[in-house]
**Student:** 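Got a structure here, written out as structure tokens. Questions coming.
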Amino acid sequence: MNVLLSTAFVLTWSSGFIGAKLGAGSASAVTVLMWRFLPLAVVLGLVAPVLSRAAWRGLTARDVGRQAAVGALSQSGYLLTVYLAIQLGVSSGTTALIDGTQPLVAGALAGPLLGQYVSRTQWTGLGLGVAGVLIVTAADFSQGGATPAWAYLVPFLGMLSLVAATFLDRRAPRTVAPSVAMTTHCVTSAVVFTGLALASGAATPPAEGSFWVAIAWLVALSTFGGYGLYWLILRRSGVTQVNTLMFLMAPVTALWGALMFGEPFGPQTAVGLVVGLAAVVVVRRGERAAERHPAAAPASRGARVSEASAAPGPRVRTGR
């Protein structure tokens, strides 16, 4: 089941970069994002409180405010930078591979911020994943192009935004149900993107059918699929494992982009895919070894590792 969830997560999360490329051909980034989240927020805002009334009982303004902050970072901040990068000419594969540096940052911060032990084997896997990202990066940069150099910094801002959202949610003192989290995140993003679209005069959607195909793609695959599975796997398996899967996004997106948009996919990108797969295997092996030999973890952090492993990811109630 974990393999199926991981595979579905990689495919649906990667679909977001492809959907952004589809939407960029007919409208600005804020227009696409506004119409991706506005109808979704209206539906969730009306349906979620009715279908899961118990989940909303007892929530305080602080609980909702924290989830709004998480949504602003993990959806609004992250997606806006991804869409802007692609609109500036950064390829979908390159945007994904820059986003793929997230595991290194999250892995480095998991110890000091969460007290979650990262073994040497897991660090080896993370290093292997970085190598895969660098291989794909080198392949993409060798193609050249007219994209300004500073545009490649934009996805890094999105990566940092998603990392910040992950740790903000993990450190929450109170649990919230998944329906509450998803609804709050989507409503927050709808408000942010609608405000930006209205302020920039980009709220009117284009008449092209391709625009609405892109919106349907993004809502079905990226929001409910990729975004939902991100938090689910984070909850089940922890920061290190879910972020290791992020190493696969760059080569998978590069292959997808090559098939759909004719973006370059050469031998180096294929090697990057293999290295990324190897990184996932190594990290998971390290996690299984740590579970079999918990005493191997440093004594000062062992108890916190157990707690993090028992209920990793977003602090949600059972049944998410």
Side-chain angles (χ1 to χ4, degrees), residues 7-36 78-102 132-159 202 205-227 245-277:
T7 302
F9 169 61
V10 170
L11 291 175
T12 54
W13 188 277
S14 298
S15 75
F17 299 101
I18 303 303
K21 183 87 170 180
L22 288 171
S26 56
S28 69
V30 291
T31 305
V32 175
L33 289 166
M34 171 187 169
W35 289 101
R36 171 179 173 176
Y78 172 73
L79 291 174
L80 183 59
T81 57
V82 167
Y83 280 55
L84 285 176
I86 290 176
Q87 197 168 65
L88 287 168
V90 181
S91 71
S92 57
T94 301
T95 303
L97 68 87
I98 293 174
D99 181 62
T101 60
Q102 178 192 348
V133 169
L134 291 175
I135 290 171
V136 179
T137 303
D140 187 80
F141 285 169
S142 68
Q143 301 297 321
T147 304
W150 60 266
Y152 292 92
L153 298 176
V154 176
F156 277 109
L157 298 177
M159 176 272 294
E208 291 91 340
S210 59
F211 173 81
W212 296 108
V213 170
I215 295 299
W217 174 293
L218 290 166
V219 171
L221 293 178
S222 306
T223 302
F224 287 111
Y227 189 73
L245 291 173
M246 299 296 284
F247 282 127
L248 300 179
M249 303 306 172
V252 169
T253 304
L255 177 58
W256 206 336
L259 294 174
M260 288 190 67
F261 307 116
E263 295 178 350
F265 185 92
Q268 277 185 266
T269 305
V271 171
L273 174 59
V274 174
V275 174
L277 287 170

**Student:** Before giving the answer on side chain to side chain contact (heavy atoms under 4.5 Å, CB included), spell out for T81 and F156 the whole-Å C-alpha distance, their side-chain angles and the decisive distance to 0.1 Å.
**Tutor:** CA-CA 8 Å; T81 57; F156 277 109; over 6 Å; no
**Student:** Please report the shortest heavy-atom distance between T12 and G225, naming the atom on each side.
**Tutor:** OG1-C, 3.4 Å
**Student:** Kindly give the heavy-atom pair with the smallest separation between V252 and S14, and that separation in Å.
**Tutor:** CG1-OG, 3.7 Å
**Student:** With sequence neighbours left out, write down each residue that passes side-chain contact (heavy atoms from CB on, under 4.5 Å) with L80, or none if nothing qualifies.
**Tutor:** V30, L33, L84, F193, L196
**Student:** Could you list the donor-acceptor pairs under 3.5 angstrom formed by side chains in residues 211-224, with sequence neighbours left out?
**Tutor:**
from	atom 1	to	atom 2	distance (Å)
W217	NE1	S15	O	2.8
S222	OG	S15	OG	3.3
S222	OG	G16	N	3.3
T223	OG1	R36	NE	3.0
T223	OG1	R36	NH2	2.9
T223	OG1	L218	O	3.4

**Student:** With sequence neighbours left out, write down each residue that passes side-chain hydrogen bond (donor to acceptor under 3.5 Å, both in side chains) with S28, or none if nothing qualifies.
**Tutor:** T31
**Student:** Which atom pair, heavy atoms only, marks the closest approach of A258 to F265?
**Tutor:** CB-CB, 3.5 Å
**Student:** Taking only residues two or more places apart in sequence, or in another chain, which ones meet A151 in a side-chain contact (heavy atoms from CB on, under 4.5 Å)?
**Tutor:** L88, V90, T147, P148
**Student:** Check I86 against S92 and note the closest heavy-atom contact, atom names and distance.
**Tutor:** CD1-CA, 4.3 Å
**Student:** What residue pairs, at least two apart or across chains, pass salt bridge (Lys or Arg N to Asp or Glu O under 4.0 Å) with a residue in residues 249-273?
**Tutor:** K21-E263
**Student:** Going by heavy atoms in the side chains, are L22 and S210 under 4.5 Å from each other?
**Tutor:** no
**Student:** Provide the closest heavy-atom pair for M249 versus F9 in the form atom of the first, atom of the second, distance.
**Tutor:** CE-CE2, 3.4 Å
**Student:** Tell me which pairs pass salt bridge (Lys or Arg N to Asp or Glu O under 4.0 Å) where either residue lies in residues 267-277, with sequence neighbours left out.
**Tutor:** none
**Student:** Which heavy atom of G257 sits nearest a heavy atom of I18, and at what distance?
**Tutor:** N-CD1, 3.9 Å
**Student:** Do T253 and W13 come within less than 4.5 Å of each other through their side chains, counting heavy atoms only?
**Tutor:** no
